[in-house]
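A short worksheet on the structure shown next.
Atoms within each ligand, like the ligands themselves, are counted from 1 in listed order. If you're wondering where the values come from, they're calculated on a predicted model, not measured in any experiment.
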Amino acid sequence: MQRDGPVFIGSEIYRGSSYGHWHPLRVPRVSTVMDLTRALGWLGPANYLASPRAKPGALSVWHAPDYVAALERVEATQLGTEEDRERFGLGTHSNPIYPEVYRRPATAAGGSLLAGELLVDGGVVYHPAGGTHHGLPGRANGFCYLNDPVLGILSLRRMGVRRIVYVDIDAHHPDGVELAFDGDPEILMISVHEERRWPFTGHLGDRAGGAAVNLPVPKGLNDSEMALVREALILPLVARFAPEAIVLQCGADAVEEDPLSRLTLSNNAHWEIVAALRPLAPRYLVLGGGGYNPWSVGRLWTGVWAVLNGIEIPDRLEPEGEAVLRALRWEGNSRGKAPPDHWFTTLRDAPRPGPVRDELKERLAVLLRREGLG
Ligand SMILES: [Zn+2]
């Protein structure tokens, strides 16, 4: 199936869904992107698909059936046992039992499975609810219950797509995805993530059996540094691999306003990577990921849709768009008390250039030498 232009996969299940009033994922994210892209006239019904909810059988291509059954059960009962917590990671601080604890991740998984099918003949799919890169086969992990990037890649593969690149620019290392494709010669995983941050995997020397290139970056990463990483490392590695599909995990937690990382990018850094990867493969799946400031996530991911559609991002939003951003609330965080006006009136952050530090250059040199690009 080839549509006119990129496809946006969303769902109403994300609207009003919260992990709990104290959890970083209490904030609206995907619903903001749906509302804002529509308010700006950038998303019509022809390019929007409601995500199906994956069936347990479809999840079992990677997830353990007993874990999926536990997830369904704790949603129904809203109660977890000691065993659910110990064995499945369900009912912990990071992975609480909340009202949609099975349906919501199963919907995100269904979206990525669908994306793989939609992309069989080529094209672009945007699935901002995807990107749950910490999910493990039989265990919830790091706010993730299932691993939709893994399922999306397996879906592409089931459609006959062989060489696949996975690029991850979330502030956190994609430990679940790396586990799934360790040693896989037809997958190249590239991750740029903050050093010494949870889950503490993805060291410079970690190669996942030759399938991964990991670049841990120091706190305070700026736009100039990310531009160098993009031009010197990401784009040459992807181009050389000559992928049949690219999956980009475009987590929004590496921007300065995010409460869970110490990286200081502007959203321009993400958008430039989104645009630069597009011509490098005939199939392109762009996922969301982390992002815990409701304004920076909504603005960044709405801008991703603009970039994928070649829409010029206006300097100031139309009143309909501004109204969507003004209606957001961020309870329980000091930055939500008096948000700066540009969080309401713009999508684009001011660029955050800066010095390119020697420690970053040295790590890049190590990787480029090892990968034969230096
Ligand atoms: Zn993250």
Side-chain angles (χ1 to χ4, degrees), residues 14 18-19 22-30 32-33 89 92-96 104-105 108-109 112 127-136 139-150 152 166-180 189-203 206 212 214-221 226 229 234 247-267 269-271 273-274 285-301 303-304 330 333 335 349:
Y14 309 112
S18 168
Y19 279 34
W22 48 267
H23 196 285
L25 280 177
R26 65 188 176 278
V27 299
R29 309 184 326 143
V30 176
T32 308
V33 183
T92 64
H93 282 294
S94 61
N95 288 84
R104 175 171 159 175
S112 286
H127 180 218
T132 55
H133 58 175
H134 300 304
L136 297 172
R139 193 176 171 85
N141 187 40
F143 309 171
C144 304
Y145 297 83
L146 300 168
N147 196 311
D148 76 89
V150 169
Y166 173 79
V167 178
D168 192 311
I169 55 172
D170 192 282
H172 302 91
H173 178 251
D175 51 347
V177 181
E178 201 170 281
L179 174 75
M189 298 175 280
I190 304 168
S191 175
V192 181
H193 47 269
E194 187 177 346
E195 66 182 355
R196 292 194 283 276
R197 178 163 296 287
W198 191 93
F200 307 109
T201 47
H203 298 282
D206 292 348
N214 281 301
L215 177 62
V217 293
K219 68 181 178 183
L221 185 77
M226 195 56 157
V229 170
I234 299 176
V247 177
L248 172 64
Q249 199 271 20
C250 193
D253 50 10
V255 296
E256 184 171 42
E257 300 86 351
D258 193 89
L260 262 61
S261 91
R262 302 282 296 279
L263 305 180
T264 54
L265 299 177
S266 79
N267 54 25
H270 294 70
W271 297 342
I273 289 171
V274 171
L285 170 57
V286 180
L287 305 172
Y292 307 97
N293 172 329
W295 287 281
S296 55
V297 180
R299 292 165 69 246
L300 195 161
W301 288 354
V304 168
W330 193 13
N333 190 295
R335 277 170 282 196
D349 295 330

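Nearest N/O/S atom of Asp253 relative to the Zn ion (ligand 1): this is OD2. Among the heteroatoms counted here (N, O or S) of His172, ND1 is the one nearest to the Zn ion (ligand 1). Within Asp170, the N, O or S atom lying nearest to the Zn ion (ligand 1) carries the name OD1.
Between Pro259 and Asn333, some side-chain heavy-atom pair lies under the 4.5 Å cut-off. Trp22 is listed as a side-chain neighbour of His93, based on a closest heavy-atom distance under 4.5 Å.
When distances to the Zn ion (ligand 1) are checked against a cut-off of 2.8 Å, His133 contributes no N, O or S atom below that limit.
Side-chain contact of Asp168 with His193: a donor-acceptor pair under 3.5 Å is absent, judged by distance alone. If you check the side chains of His173 and Ser191, you find no donor sitting under 3.5 Å from an acceptor.
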